[in-house]
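Counting begins at 1 with the first residue of the sequence.
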Amino acid sequence: MSITIKEIQPKKKELKKYVRLGIDLYRGNRYYVPPLIIDEVNTLLPSKNPAFDFCKAQSFIAFRNGRPAGRITAIINSQVNNRSGKKELRFGFMDFIDDEEVSKALFDAAIKWGKDHGMTSIVGPMGFTDMDHEGLLIEGFDEMGTMATIYNYPYYSRHLENLGFKKDIDWVEYRITIPSAIPEKYARISEIVKRKYNLRVLKFTSRKKVRQQYGQALFNLINEAYDHLYGYSPLTPRQIDYYINLYLGILRLEDVCVVVDSNDSLVGVGITISSFSNALRRSNGRLFPFGWRHFIKPLRGKEKVVDLLLVAVKPEYQNKGVNSLIFCDLIPIYIKNGYKFAESNPELECNDNVQKQWDYFEHRQHRRRRAYSMEI
């Protein structure tokens, strides 16, 4: 049976087919959360995604006997490579049927493209930057995903390992039960930290004020806090503007916490969001003509799960209990809104300090994901 590989042109019409192929491969799977199609297309469009200021990419679709059977995007992030000194090709947006000839053909195409551009190793699944999905799911296939993470079939890891890929690093994820009240010890820590460092919590009721007063500063803080993390690609001013425009409209401001010092300088931020997993599943990733109706519930904070989208603390304040201020502010809001669980989203398995904070709450590790790498 013949396999053919097609290079996808960076045009909206072709990329819509590319994104829909990824969704179609999970038809009937009750744990898969599709992306919002328009957002995924814009991520892959050079005219829309400012990451293309320092990235190159090429997407491929595999056909088995004329029928779509898989996809992959090869990415070169020159910003990360310049920081690391590596010539590393990333792969992402990857899906395929359980056919090792198909997966091999996809990776052969991606690797050839990378070698033609001077790359000597490959790593993934990763996106253009950390704001994209990353990490192959290797545990937790019977858990519903989140809008910020990859879901894939269990056989994917076998395909990659048979191709010669090895573990590079793992992320773990936790489901945290929202307590009925702030744990007493946690509240005490929060008060001590607040007094010791003269910190306070800010809340906003105006998106305009968030943008004007702290929009760029919030993402500059994220750049500082995440700079040392695996494969981090610092966000540029153009990217920051892009993500402010993308996310600000869907945030419920009471689910966002900002911590500042006595000079009103940012110290920490917690950006959390009512889960969109059910809405994305019910709409199958489409807003129109009727998919938008499913998004009303999370936009009103009426889901039972809250996603901890981005939590960041300025480096000089890390490991000093600042996170306790963030969650002491947010927990009463979660209780009021009826949230029952929080999703941590991926945390590096070696990041013990982040994971220790969940010891104050009922929690369980329910997913694990992996970045694989290989010399090419």
Which is it for F60 and Y18 under the ring-ring contact (aromatic ring centres under 6.0 Å, His included) test, yes or no, and what are the steps along the way? CA-CA 8 Å; F60 303 89; Y18 180 83; 9.2 Å; no
What are the two closest heavy atoms between V19 and P35, and how far apart are they? CG1-CG, 4.4 Å
Considering the options E143, E173, E343, which one meets the salt bridge (Lys or Arg N to Asp or Glu O under 4.0 Å) requirement together with R364? E143
Please indicate whether R300 has more than 12 foreign heavy atoms, meaning atoms of other residues, nucleotides or ligands, lying under 6.0 Å from its CZ. no
Which pair of non-hydrogen atoms, one from V313 and one from L221, has the smallest distance, and what is that distance? C-CD1, 4.1 Å
So, the side chain of N245 versus the backbone of D241: is there a donor-acceptor pair under 3.5 Å, distance only? yes
Using a distance-only test with no angle check, is there a side-chain donor-acceptor pair under 3.5 angstrom linking Q365 and W358? no
Exam field: side chain D99 to backbone E101, donor-acceptor pair closer than 3.5 Å: yes
Using the rule that Ile, Leu, Val, Met, Phe, Trp and Tyr join whenever any side-chain heavy atoms are under 4.5 Å apart, tell me whether V80 and Y372 fall into a single cluster. no
Is there a path of hydrophobic side-chain contacts, each under 4.5 Å between heavy atoms of I/L/V/M/F/W/Y residues, joining F93 to M119? yes
Exercise: identify the closest heavy-atom pair between A109 and I5: CB-CG2, 3.8 Å
Count the heavy atoms of every other residue, nucleotide or ligand shown that sit under 6.0 Å from CD of E161, and state whether that count exceeds 12. yes
Between atom OG1 of T177 and atom CD of E362, what is the distance when rounded to the nearest 0.5 Å? 3.5 Å
Would you call E14 and K6 a salt bridge, taking side-chain N to carboxylate O under 4.0 Å as the test? yes
Closest heavy-atom contact between D95 and L106? O-CD1, 4.1 Å
D255 and Y334 side chains, donor-acceptor separation under 3.5 Å: no
Under 3.5 Å, is there a donor on one side chain and an acceptor on the other for H159 and D98? yes
Stepwise, does the side chain to side chain donor-acceptor pair (under 3.5 Å) test hold for T236 with D53? CA-CA 9 Å; T236 65; D53 291 349; 5.0 Å; no
Would you call the rings of F361 and F327 parallel, tilted or perpendicular if under 30° counts as parallel and over 60° as perpendicular? perpendicular
When you check the gap from the basic side-chain N to the acidic O, do K356 and D359 get nearer than 4.0 Å? no
Below 4.0 angstrom, N of the basic side chain to O of the carboxylate: do K167 and E349 qualify? yes
Results of ring pair (Phe, Tyr, Trp, His ring centres under 6.0 Å) for H294 - residues two or more places apart only: none
Is any side-chain N of the basic residue among E254 and K336 closer than 4.0 Å to the acidic one's carboxylate O? yes
Those residues that, when tested against Y317, pass ring pair (Phe, Tyr, Trp, His ring centres under 6.0 Å) (two or more places apart): Y197
What's the separation between atom CG in L235 and atom CE in M131, rounded to the nearest 0.5 Å? 6.0 Å
Side-chain donor-acceptor contacts of residues 180-190 below 3.5 Å, not counting sequence neighbours, with atom names and distances?
residue: E184; atom: OE2; partner: R188; partner atom: NH1; Å: 3.4

May I ask you to decide whether D168 forms a salt bridge with R370, counting only side-chain N to carboxylate O separations under 4.0 Å? no
Treat each ILVMFWY residue as a node, draw an edge where side-chain heavy atoms are under 4.5 Å apart, and state whether F91 and I150 are in one component. no
Who pairs with K196 by side chain to side chain contact (heavy atoms under 4.5 Å, CB included), at least two apart in sequence or on another chain? none
Judged by atom type as modelled, is there a donor-acceptor pair below 3.5 Å linking the side chain of S78 to the main-chain atoms of F54? yes
Between D264 and R200, does at least one N-O distance fall below 4.0 Å, as a salt bridge requires? yes
Please check if W292 and V33 belong to a single hydrophobic cluster, counting links between Ile, Leu, Val, Met, Phe, Trp and Tyr side chain heavy atoms closer than 4.5 Å. yes
How long is the gap from OG on S59 to CG on L15, to the nearest 0.5 Å? 6.0 Å
What's the shortest heavy-atom distance between K87 and G118, and which atoms? CD-O, 3.3 Å
Rounded to the nearest 0.5 Å, the NZ atom of K166 sits from the OG atom of S373 at a distance of 10.0 Å
Tell me the salt bridge (charged side-chain N to carboxylate O under 4.0 Å, His left out) pairs involving residues 301-322, sequence neighbours left out? E224-K314
Transitive ILVMFWY side-chain link Y242 to F52, under 4.5 Å: no
Verify whether one side chain among Q318 and N353 offers a donor that lies under 3.5 Å from an acceptor in the other. no
Fit a plane to each ring of Y151 and F141, take the angle between them on a 0 to 90° scale, and name the class: parallel (under 30°), tilted (30 to 60°) or perpendicular (over 60°). perpendicular
Go through the steps to decide whether Y153 and Y26 satisfy the test ring-ring contact (aromatic ring centres under 6.0 Å, His included), and finish with yes or no. CA-CA 9 Å; Y153 289 115; Y26 294 93; 4.6 Å; yes
Could you verify whether a donor N or O on one side chain and an acceptor N or O on the other, from S275 and Y339, lie under 3.5 Å apart? no
Under the criterion side chain to side chain contact (heavy atoms under 4.5 Å, CB included), I'd like the reasoning laid out for S274 against L299: C-alpha separation, chi angles, the key distance, then a yes or no. CA-CA 7 Å; S274 186; L299 287 170; over 6 Å; no
Which pairs count as salt bridge (charged side-chain N to carboxylate O under 4.0 Å, His left out) when at least one residue sits in residues 113-137, sequence neighbours excluded? K112-D116
Between T129 and S233, is any side-chain donor less than 3.5 angstrom from a side-chain acceptor? no
Side-chain donor or acceptor of N81 paired with backbone N/O of E88 under 3.5 Å: yes
